[in-house]
Protein chains: 4
Amino acid sequence: MDVSPPRHLKARKMPRQARSASTIDTIFEATIQVLLKSGTHRLTTTRVAERAGVSVGTMYQYFPHKQALLYALNERYLDRLAERMEKVCLDHHGKSIPDMIAALVTGYWEAKTERSEVTRALYSSAVELDNEALIDAFARRMDAATGAMLESAPIVNCADIHLVKATLLSVIFGTVRNVFERKLPAHEQVAIREQVIRMCVGYLSSADDDRSKNSGSSLCAAERT
Amino acid sequence: MDVSPPRHLKARKMPRQARSASTIDTIFEATIQVLLKSGTHRLTTTRVAERAGVSVGTMYQYFPHKQALLYALNERYLDRLAERMEKVCLDHHGKSIPDMIAALVTGYWEAKTERSEVTRALYSSAVELDNEALIDAFARRMDAATGAMLESAPIVNCADIHLVKATLLSVIFGTVRNVFERKLPAHEQVAIREQVIRMCVGYLSSADDDRSKNSGSSLCAAERT
Amino acid sequence: MDVSPPRHLKARKMPRQARSASTIDTIFEATIQVLLKSGTHRLTTTRVAERAGVSVGTMYQYFPHKQALLYALNERYLDRLAERMEKVCLDHHGKSIPDMIAALVTGYWEAKTERSEVTRALYSSAVELDNEALIDAFARRMDAATGAMLESAPIVNCADIHLVKATLLSVIFGTVRNVFERKLPAHEQVAIREQVIRMCVGYLSSADDDRSKNSGSSLCAAERT
Amino acid sequence: MDVSPPRHLKARKMPRQARSASTIDTIFEATIQVLLKSGTHRLTTTRVAERAGVSVGTMYQYFPHKQALLYALNERYLDRLAERMEKVCLDHHGKSIPDMIAALVTGYWEAKTERSEVTRALYSSAVELDNEALIDAFARRMDAATGAMLESAPIVNCADIHLVKATLLSVIFGTVRNVFERKLPAHEQVAIREQVIRMCVGYLSSADDDRSKNSGSSLCAAERT
DNA sequence: CATGAATGAGTATTCATTCAT
DNA sequence: AATGAATGAATACTCATTCAT
């Protein structure tokens with residue numbers, strides 16, 4: 001994720017040697033483990049270092065302070081998530097709209113759910129972390145990826161593709177998180193997921209319809225005013 | 001909100017005298033102020049007490065520990081939010097579906113946005129708080145309120161009203177939060193809000209259509225299997 | 001126990017009315033209960049008052065501070081213990097020396113053991129309590145009582161009866177406490193108790209022998225130098 | 001003292017470097033000083049650290065909590081006391097019984113009296129400390145040491161040497177403590193001490209007599225049943 | 001007199017960060 | 001570079017005591 005983080009959250013050294021890279025990875029993993037075992041508010045630098053098998057001193061060589069560590073961890077997480085979702089999008093270029101939507105929703109849902117505890121832990125670690133820049137960067141990548149995917153669909157051809165995309169992404173990401181966080185029973189989660197797909201597909205095709213019919217209440221018409 | 005909280009999060013004494021009630025309210029307000037000024041992780045019992053103009057000791061008479069204070073604060077917040085949304089629902093009994101949806105989305109959006117900093121602060125205060133019970137209770141109230149509202153609409157008549165409601169609420173609450181948290185520019189937020197309303201309205205009418213047409217891919221048909 | 005306690009440890013009001021006396025007794029009992037349930041270092045005035053069913057304020061009417069309460073409690077305990085032991089002594093006037101010794105040892109041992117947890121609790125409550133005066137008064141009463149008892153024995157007739165008594169009492173009280181505190185198995189405690197009786201009886205008769213034989217190494221001779 | 005303490009009272013790190021060892025010793029000394037100056041209930045970790053000239057943090061590196069510190073302090077004290085008494089016993093192997101007894105009593109008495117304030121302070125610090133294991137270990141060492149000493153005496157030859165030893169030790173330790181705690185005038189303490197020695201010597205020789213005479217009421221006969 | 005809410009100094013314990021070795 | 005001992009400010013929570021009602 002090529003964001004310039006708030007200056008004070010920068011990692012201290014970029015891993016130039018293989019050794020460093022692996023050390024950093026070990027530290028990341030250790031952080032997650034501690035997060036899972038002890039929760040955010042008992043995540044201490046000492047505990048992380050211990051778990052990672054390095055000394056605190058060493059950890060401070062890589063991350064100038066705790067916040068920087070958590071920032072970098074979230075960065076890595078969002079980076080991987082973005083990559084994964086970009087791949088999902090790429091894989092569905094040229095597919096039908098319903099396929100695309102289903103892929104987006106399901107892909108995101110699976111990414112969150114696979115290691116749901118880790119997801120939850122990361123959410124809580126990011127509280128009060130100045131990570132807006134990360135979120136924005138993630139949003140931009142998603143925007144680009146879904147944009148490219150949707151444009152590869154034969155039918156969709158709406159003027160305000162930007163707004164449609166923004167809406168879609170907000171609905172998908174927001175809803176999945178909501179369902180995920182409420183810890184609903186699995187079958188209910190799946191059922192809702194299907195509904196959300198239906199809803200989004202309907203939305204997209206209506207946006208399209210509107211355009212062809214030039215209807216007054218349509219998305220595009222609305223945008224023309 | 002008539003939830004029995006996890007035993008360890010119970011407030012210590014129920015305010016029996018007017019004086020106590022106002023003290024508790026003062027403490028709540030102080031907590032919010034401190035949350036806003038210092039952030040969750042610098043919210044200390046001392047600071048809250050100071051701001052509230054009472055001694056720490058007094059605070060501990062009412063809340064056996066910090067967690068209980070935050071729990072009660074969130075409880076109060078969700079309680080008020082629920083009341084507000086219930087009123088919104090009641091006020092739209094018998095209205096058209098689009099009106100209902102618009103009211104739900106806009107109502108929730110406004111509730112979050114009016115004192116957006118407070119909303120954000122409360123979200124962060126709830127991290128690592130065992131408040132699932134609160135969320136559940138809130139969800140149940142929303143479910144009941146929206147259910148009653150939707151059933152008062154002439155047209156809607158779907159077999160799996162439960163799933164439809166759950167989906168609607170997840171989409172609305174999830175999306176609003178997502179938009180809210182990303183701090184998008186106001187006009188974009190409004191635009192997305194309108195889209196979400198469109199989307200939900202479309203979803204509801206399609207659910208209804210499905211039923212009347214008995215279409216194989218419909219919501220209700222699906223549920224019949 | 002007619003000791004004048006260190007001025008700062010005096011109870012605030014002498015119970016003049018029946019009501020007061022019973023209140024005080026309730027408080028004493030409550031103190032013991034709290035001591036048993038929570039240990040000395042979690043004995044708080046509030047907890048005692050609660051348990052006693054009175055308000056803290058009321059408690060402070062009777063005892064100007066915590067120390068005074070504990071002092072009075074220990075005073076009462078030692079008073080009762082002294083009474084009990086005095087009765088034991090009186091009951092054995094004119095009996096044989098072995099009977100006397102056995103009565104002393106067994107009596108004391110039983111007094112401690114009957115409610116051993118209470119005994120232990122009181123010991124711990126007295127730590128860092130300025131209760132030397134109480135101990136002294138108790139010692140004096142024991143001295144008088146055992147003195148009178150021993151003098152009623154036909155044989156004993158030693159010049160330094162004071163030293164003999166002091167020794168006896170130290171040995172008995174010290175040993176019983178030692179055995180008591182080490183929580184040895186009951187049968188071992190009993191066995192040792194019997195031995196101690198033997199030992200003391202032997203000591204007393206030898207003190208007596210010495211005197212009649214006027215032996216150089218005797219107790220009384222030693223005292224003559 | 002090779003006792004495994006209750007798990008929660010374990011010291012945190014064993015001193016591996018000379019520096020640590022001296023730090024720990026400094027902390028012990030400081031604890032004693034604070035105990036003397038402020039009493040047990042005003043012994044705070046901060047005060048100890050201050051007096052020791054280290055930071056609280058450092059103290060907590062070595063002792064996970066106050067209790068562990070006090071436990072370790074008592075352990076060290078009893079360890080040294082045991083060593084000292086073992087030496088006394090060793091030094092009197094082969095001596096006469098009266099010499100042995102005198103050595104035991106006087107040795108213990110001196111150990112307690114030399115720094116009597118420290119002794120008292122340690123007693124009070126141990127209240128409500130789960131130090132039974134320490135006391136037991138100490139008792140076992142004393143038992144072994146006195147056993148070896150007594151067995152080296154030509155005459156003593158009693159069947160139930162175990163009971164005799166237990167009695168002796170209880171009497172000696174109990175009585176010395178009793179005399180010590182009552183703060184009797186020094187000359188009286190000395191006088192009683194002499195009496196106790198006489199009493200114990202008499203007891204031991206009677207136990208022996210009994211055996212040679214096979215008297216029915218003797219210790220050994222009793223044990224044979 | 002009785003009550004119990006309010007007080008706030010006091011205390012154990014944690015933890016991010018530094019820096020001598 | 002790596003280490004991990006040392007630091008000490010920060011923080012949650014307690015409890016003896018007072019005093020307005």
Side-chain angles (χ1 to χ4, degrees), chain A residues 13 17 19-20 23 38 41-50 53-69, chain B residues 12-13 15-17 19-20 23-24 41-50 52-69, chain C residues 13 17 19-20 23 38 41-50 53-69, chain D residues 12-13 15-17 19-20 23-24 41-50 52-69:
Chain A
K13 66 169 74 162
Q17 313 162 15
R19 181 169 53 129
S20 300
T23 300
S38 318
H41 80 282
R42 237 164 303 166
L43 175 94
T44 72
T45 49
T46 314
R47 262 195 271 267
V48 170
E50 211 165 70
V54 301
S55 70
V56 234
T58 300
M59 247 193 56
Y60 271 82
Q61 297 272 337
Y62 294 100
F63 304 98
H65 45 247
K66 207 183 155 187
Q67 301 281 317
L69 167 63
Chain B
R12 194 168 264 170
K13 69 169 73 163
R16 290 197 190 132
Q17 311 168 12
R19 182 165 51 132
S20 300
T23 300
I24 286 192
H41 81 281
R42 235 164 302 164
L43 176 94
T44 71
T45 51
T46 316
R47 262 196 271 269
V48 170
E50 211 165 70
V54 300
S55 69
V56 232
T58 298
M59 251 195 53
Y60 273 86
Q61 297 241 351
Y62 294 101
F63 304 100
H65 45 247
K66 208 181 148 185
Q67 302 279 317
L69 168 62
Chain C
K13 66 169 72 165
Q17 314 161 14
R19 181 169 53 129
S20 301
T23 300
S38 318
H41 80 281
R42 238 166 301 166
L43 176 93
T44 73
T45 50
T46 313
R47 262 195 271 268
V48 171
E50 210 164 73
V54 301
S55 69
V56 234
T58 301
M59 246 192 58
Y60 271 81
Q61 298 272 338
Y62 295 99
F63 304 99
H65 45 248
K66 207 182 155 187
Q67 300 282 315
L69 168 63
Chain D
R12 193 167 264 169
K13 69 168 74 161
R16 292 202 186 129
Q17 313 167 12
R19 183 166 51 132
S20 300
T23 299
I24 286 191
H41 81 281
R42 235 164 302 164
L43 176 94
T44 71
T45 50
T46 316
R47 265 196 270 269
V48 170
E50 211 164 71
V54 300
S55 67
V56 233
T58 299
M59 250 194 53
Y60 273 85
Q61 298 245 348
Y62 295 102
F63 304 100
H65 44 247
K66 208 180 148 187
Q67 302 279 317
L69 167 62

When you compare the side chain of [Y] with that of [X], does any pair of heavy atoms fall below 4.5 Å?
X     : Y     : value
C:K66 : C:T44 : no
C:T45 : C:F63 : no
B:H41 : A:H41 : no

Interatomic distance, [X] [atom1] vs [N] [atom2] [rounded to whole Å]:
X     : N      : atom1 : atom2 : answer
B:R47 : E:dG8  : CZ    : P     : 19 Å
A:H41 : E:dT14 : NE2   : C1'   : 11 Å
B:Q67 : F:dC13 : CD    : C1'   : 13 Å
C:F63 : F:dT18 : CZ    : P     : 16 Å
B:I24 : E:dA6  : CD1   : C1'   : 14 Å
B:L69 : F:dT11 : CG    : P     : 16 Å
C:M59 : F:dT18 : CE    : C1'   : 14 Å
B:E50 : E:dA9  : CD    : P     : 11 Å

[N] OP1/OP2 closer than 4.0 Å to side-chain N/O of [X]:
X     : N      : result
A:T45 : E:dA16 : yes
D:T58 : F:dA5  : no
D:S55 : F:dG8  : no
D:Y62 : F:dA5  : no

Handout entry: Side-chain-base donor-acceptor pair under 3.5 Å for B:Q61 and E:dA6
Key = yes
Completion exercise
Side-chain atoms of A:K66 come closest, of E:dT13, E:dT3, E:dA16, to E:dA16
Handout entry: Side chain of C:Y60 (C-beta onward), nearest among F:dC13, F:dC15, F:dT18
Key = F:dT18
Completion exercise
5'-most contact on DNA chain F (nearest-nucleotide basis), D:V56 vs B:L43, goes to D:V56
Exercise for the section: Specify the residue among C:R42 and D:G53 whose closest nucleotide of DNA chain F lies further upstream toward the 5′ end. Expected result: D:G53
Handout entry: Nucleotide forming a Watson-Crick or wobble pair with E:dA20, both distances under 3.5 Å
Key = F:dT3
Problem - Point-to-point distance, once rounded to the nearest 0.5 Å, from OG of C:S55 to CD of C:Q61 - result: 8.5 Å
Handout entry: Atom pair OG (A:S38) and CZ (A:R47), whose distance is rounded to the nearest 0.5 Å
Key = 5.0 Å
